[in-house]
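Scroll down for the structure; my scribbles are underneath it.
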Amino acid sequence: MSMWKRISNLFSKPEPPKVEKSMLQLAPGDICEVSLVTYEVTGRVHNRGRNAVVLTLQDGSTIAYLHIEERETVQYALYAPIDGRLDSPDEVPSIIDLDDHVFHLEEEYRGHVSITGRTAFTQSGEQHVWQYQSDDYKLLRIEWQNGRFMLYEGEKVIPGDVRVIRAT
């Protein structure tokens with residue numbers, strides 16, 4: 001190394017450290033761990049109005065959906081798709097009896113979502129969401145967008161069980 005190179009290195013600014021991505025910033029191609037299972041993020045649905053994302057996760061042939069919402073704290077819920085049918089968004093009930101669980105409507109909202117990668121819906125747009133909870137803390141989520149319903153069943157995940165493995 002030449003003398004000039006050494007002197008210039010003394011006066012140069014060090015490179016700033018890379019800022020790690022949070023779970024809310026993950027995108028397709030990133031890897032995360034949820035409840036000791038490693039997943040690849042294959043899709044992302046982002047609702048800016050609620051500061052929330054739903055990540056489509058894949059582990060082999062298994063597909064799961066991680067709902068992340070930042071309120072006072074960051075809240076996580078892991079969902080699996082279920083079969084079901086509803087005819088109209090106007091007819092979504094406030095109480096649903098499903099597989100020996102009675103789900104009560106906790107929250108209903110709508111907002112514009114942006115979509116990246118492979119998700120249950122193919123394009124960005126207005127999305128309606130109904131979130132339910134049963135007395136034994138099981139969760140049910142219904143989404144409606146562009147004339148199509150998706151139903152998911154899941155449970156809350158504690159923040160310590162969620163971490164970023166590799167972010168691109």
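Sequence positions, counted from 1, serve as the residue numbers for this chain.
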Is the count of non-hydrogen atoms from other residues, nucleotides or ligands lying under 6.0 Å from [X] atom [atom1] greater than 12?
X    : atom1 : value
D135 : CG    : no
E20  : CD    : no
E69  : CD    : yes

Practice task
Quick one: name the residues clustered hydrophobically with I95, using the 4.5 Å side-chain heavy-atom rule over I, L, V, M, F, W, Y, and just say none if it's on its own.
Solution key: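 Members besides I95, by chain and number: V102.
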Practice task
List, by chain and then residue number, the residues other than L55 in its hydrophobic cluster (Ile/Leu/Val/Met/Phe/Trp/Tyr, side-chain heavy atoms under 4.5 Å); write none if there are no others.
Solution key: M23, L24, L26, V34, V37, Y39, V41, V53, L57, L66, I68, V74, Y76, L78, V157, V162, V164
Report yes if the side chains of [X] and [Y] come closer than 4.5 Å at any heavy-atom pair, otherwise no.
X    : Y    : value
Y79  : L139 : yes
Q58  : R118 : yes
D30  : K21  : yes
Q145 : E126 : no
E143 : V45  : no
P28  : T42  : no
E106 : W130 : no

Handout entry: Cluster overlap W144 with M150, hydrophobic side-chain contacts below 4.5 Å
Key = no
Exercise for the section: Report whether I63 and L151 are members of the same hydrophobic cluster (ILVMFWY, side-chain heavy atoms less than 4.5 Å apart, transitive linking). Expected result: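 No: no chain of side-chain contacts under 4.5 Å links I63 to L151.
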Nearest heavy atoms of [X] and [Y], plus distance in Å:
X    : Y    : result
F103 : K138 : CE2-O, 3.6 Å
Q127 : V129 : OE1-CG2, 3.7 Å
T116 : T119 : O-CG2, 3.9 Å

Exercise for the section: Please confirm whether the backbone N or O of F149 pairs with a side-chain atom of R85, one donor and one acceptor, at under 3.5 Å? Expected result: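 Flag not set: sc R85 to bb F149 has no pair under 3.5 Å.
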Practice task
Without swapping roles, check the side chain of N51 against the backbone of R48 for a donor-acceptor pair under 3.5 Å.
Solution key: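 Judged by distance alone, no pair lies under 3.5 Å.
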Handout entry: Residues forming a side-chain contact (heavy atoms from CB on, under 4.5 Å) with I31, sequence neighbours excluded
Key = T38, E40, I165, R166
Completion exercise
Residues passing the side-chain contact (heavy atoms from CB on, under 4.5 Å) test with S61, sequence neighbours excluded, are none
Exercise for the section: Is it possible for you to check whether R50 lies under 6.0 Å from the centre of the six-membered ring of Y109, through NZ or CZ, and within 45° of that ring's axis? Expected result: yes
Practice task
May I ask you to check whether D136 and H101 show a side-chain donor-acceptor distance below 3.5 Å?
Solution key: yes
Handout entry: salt bridge (Lys or Arg N to Asp or Glu O under 4.0 Å) against K156, all qualifying residues, sequence neighbours excluded
Key =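 Result, salt bridge (Lys or Arg N to Asp or Glu O under 4.0 Å) vs K156: none returned.
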Handout entry: Chi angles and distances behind the side chain to side chain contact (heavy atoms under 4.5 Å, CB included) call for N146, T122
Key = CA-CA 9 Å; N146 295 332; T122 57; 5.6 Å; no
Practice task
Given salt bridge (charged side-chain N to carboxylate O under 4.0 Å, His left out), test R71 with E107 step by step and report yes or no.
Solution key: CA-CA 14 Å; R71 293 183 180 186; E107 189 172 21; 2.9 Å; yes
Practice task
Please round to the nearest 0.5 Å and tell me the distance separating atom CD1 of I158 and atom OG of S35.
Solution key: 7.5 Å
Practice task
Test side chain to side chain contact (heavy atoms under 4.5 Å, CB included) on E70 and Q75 and set out the steps.
Solution key: CA-CA 6 Å; E70 185 173 28; Q75 300 173 359; over 6 Å; no
Problem - Qualifying residues under ring pair (Phe, Tyr, Trp, His ring centres under 6.0 Å), relative to Y65, sequence neighbours excluded - result: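 Checked Y65 against ring pair (Phe, Tyr, Trp, His ring centres under 6.0 Å); matches are Y152.
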